Amino acid sequence: MRALLANLRDMVEAELAAKAGKKGGKKGGKGKKGGKNEKKAKGAGGGGKKKKDPTPHVRAAVQARALMAAAPAADRSMESLYAELVSNGVLVRCPPAHIQDYLGAYGYMGSTLDKAGIIPDPSMAQVRQAVSEFAILPLGSAQLHERLPYTRTLLLFGAERTGKTLLTHAVASMCGANLFDLSPRNIDGHYPGKAVAMLAHMVFKVARTMAPSVILIDEVEKVFVSDKKRAKEFGGQEPFSRIKKDLIK
């Protein structure tokens with residue numbers, strides 16, 4: 001925080017110095033034509049005093065702003081970052097849910113379809129088992145997290161209203177994890193333009209520090225759409241693909 005305040009103070013002083021230099025230049029430019037010629041002659045002869053160049057002060061202000069933009073969350077406490085994410089609706093309260101709320105049985109025709117050379121869709125019981133093995137158990141147990149294969153991302157795909165969000169809530173609720181909603185529609189209107197990089201930096205920093213954490217990205221397929229005409233059909237103030245660069249890092 002002290003470094004941030006020092007940068008702000010230097011930036012303000014630099015801007016004041018730059019404004020003072022500009023005012024001095026304007027005052028010196030007024031007067032009669034003869035006065036201008038005399039000043040020019042003195043400058044050519046080398047006897048006149050040189051004006052201070054405000055350029056170093058401007059450069060100092062630009063460098064201070066660049067440092068603040070490069071590390072926006074470096075000098076901030078974890079509590080302030082957490083509070084900002086909550087106020088902007090990125091860190092949300094997870095509704096109570098259980099993996100058993102995802103109702104469904106095994107596909108009893110699976111073996112018959114396999115023999116016929118047809119790959120069947122996974123049954124709801126298989127989806128429930130996969131989410132338990134690859135998400136709930138590793139996040140809920142430190143010993144299992146060390147021994148089980150490392151799984152960083154789970155992709156749940158399917159039609160609307162088939163329980164994808166319910167499974168995400170079940171993982172976060174059963175593990176006592178923080179739930180971050182980075183869905184394009186949820187963050188639309190927040191952190192416009194290049195400020196979305198700061199948002200991603202804050203989310204990943206808080207998620208690592210306050211683990212276990214679950215980051216939900218609904219409609220993630222629309223983030224990777226490269227066709228601009230099709231992307232405009234999604235609506236919203238900001239393009240859905242603006243978090244793409246930060247996700248693939």
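For reference, positions follow the sequence shown, starting with 1. Nothing here was measured: the structure is a model prediction, and the numbers come from that model.
Taking CG of Leu148 as the start and CD of Glu146 as the end, the distance is 10.5 Å to the nearest 0.5 Å.
You'll find the side chain of Asn186 stays beyond 4.5 Å of the side chain of Asp218, heavy atoms only. Residues Val171 and Ile99 fail the side-chain proximity criterion, which asks for heavy atoms closer than 4.5 Å. Side-chain contact between Met174 and Gln100 is absent, with no heavy atoms from C-beta onward closer than 4.5 Å. Side-chain contact between His169 and Asp101 is absent, with no heavy atoms from C-beta onward closer than 4.5 Å. Side-chain contact between Ile243 and Leu199 is absent, with no heavy atoms from C-beta onward closer than 4.5 Å. With a 4.5 Å cut-off on side-chain heavy atoms, Tyr106 and Gln129 count as touching.
Put simply, the residue from Asp181, Val203, Asn178 that forms a side chain to side chain contact (heavy atoms under 4.5 Å, CB included) with Leu85 is Val203.
Considering every non-hydrogen atom in both Ser132 and Arg128, the closest pair reads OG-O, 2.9 Å. Scanning both residues, Leu179 and Thr168, for their nearest heavy atoms gives CD1-CG2, 4.2 Å. In terms of heavy atoms, Ser213 sits closest to Ala207 at OG-O, 3.0 Å. Minimum interatomic distance between Ile136 and Cys175 (heavy atoms only, all atoms of both residues): O-SG, 3.5 Å. Here the shortest heavy-atom pairing between Leu139 and Pro212 reads CD2-CB, 4.1 Å. Met124 and Tyr102 make their closest contact through O-CE2, 3.5 Å (heavy atoms, listed as atom of the first residue, atom of the second, distance).
Follow the hydrophobic side-chain contacts under 4.5 Å out from Ile217 and you never reach Leu167; the two are in separate clusters. When hydrophobic clusters are built by joining Ile, Leu, Val, Met, Phe, Trp and Tyr residues whose side-chain heavy atoms come closer than 4.5 Å, directly or via intermediates, Leu216 is not grouped with Val206. If you chain together hydrophobic residues whose side chains sit under 4.5 Å apart, Met198 and Val90 fall into the same group. Under a hydrophobic-cluster definition in which Ile, Leu, Val, Met, Phe, Trp and Tyr are linked whenever side-chain heavy atoms come within less than 4.5 Å, directly or via other members, Met210 and Leu91 are assigned to the same cluster. Hydrophobic clustering of Ile, Leu, Val, Met, Phe, Trp and Tyr side chains at less than 4.5 Å, counting indirect connections, keeps Val92 apart from Val220.
Not counting sequence neighbours, the partners of Asn88 by the side-chain hydrogen bond (donor to acceptor under 3.5 Å, both in side chains) test are Tyr191.
Taking a 6.0 Å sphere around CD of Glu221, one finds it holds more than 12 heavy atoms contributed by other residues, nucleotides or ligands.
Evaluation of the salt bridge (Lys or Arg N to Asp or Glu O under 4.0 Å) test over residues 78-99, restricted to residues two or more places apart or in two chains, returns Arg76-Glu84.
Between the side chain of Lys164 and the backbone N or O of Leu155 there is no donor-acceptor pair closer than 3.5 Å. Distance alone, capped at 3.5 Å, is enough to place a donor-acceptor pair between the Ser87 side chain and the Ala83 backbone.
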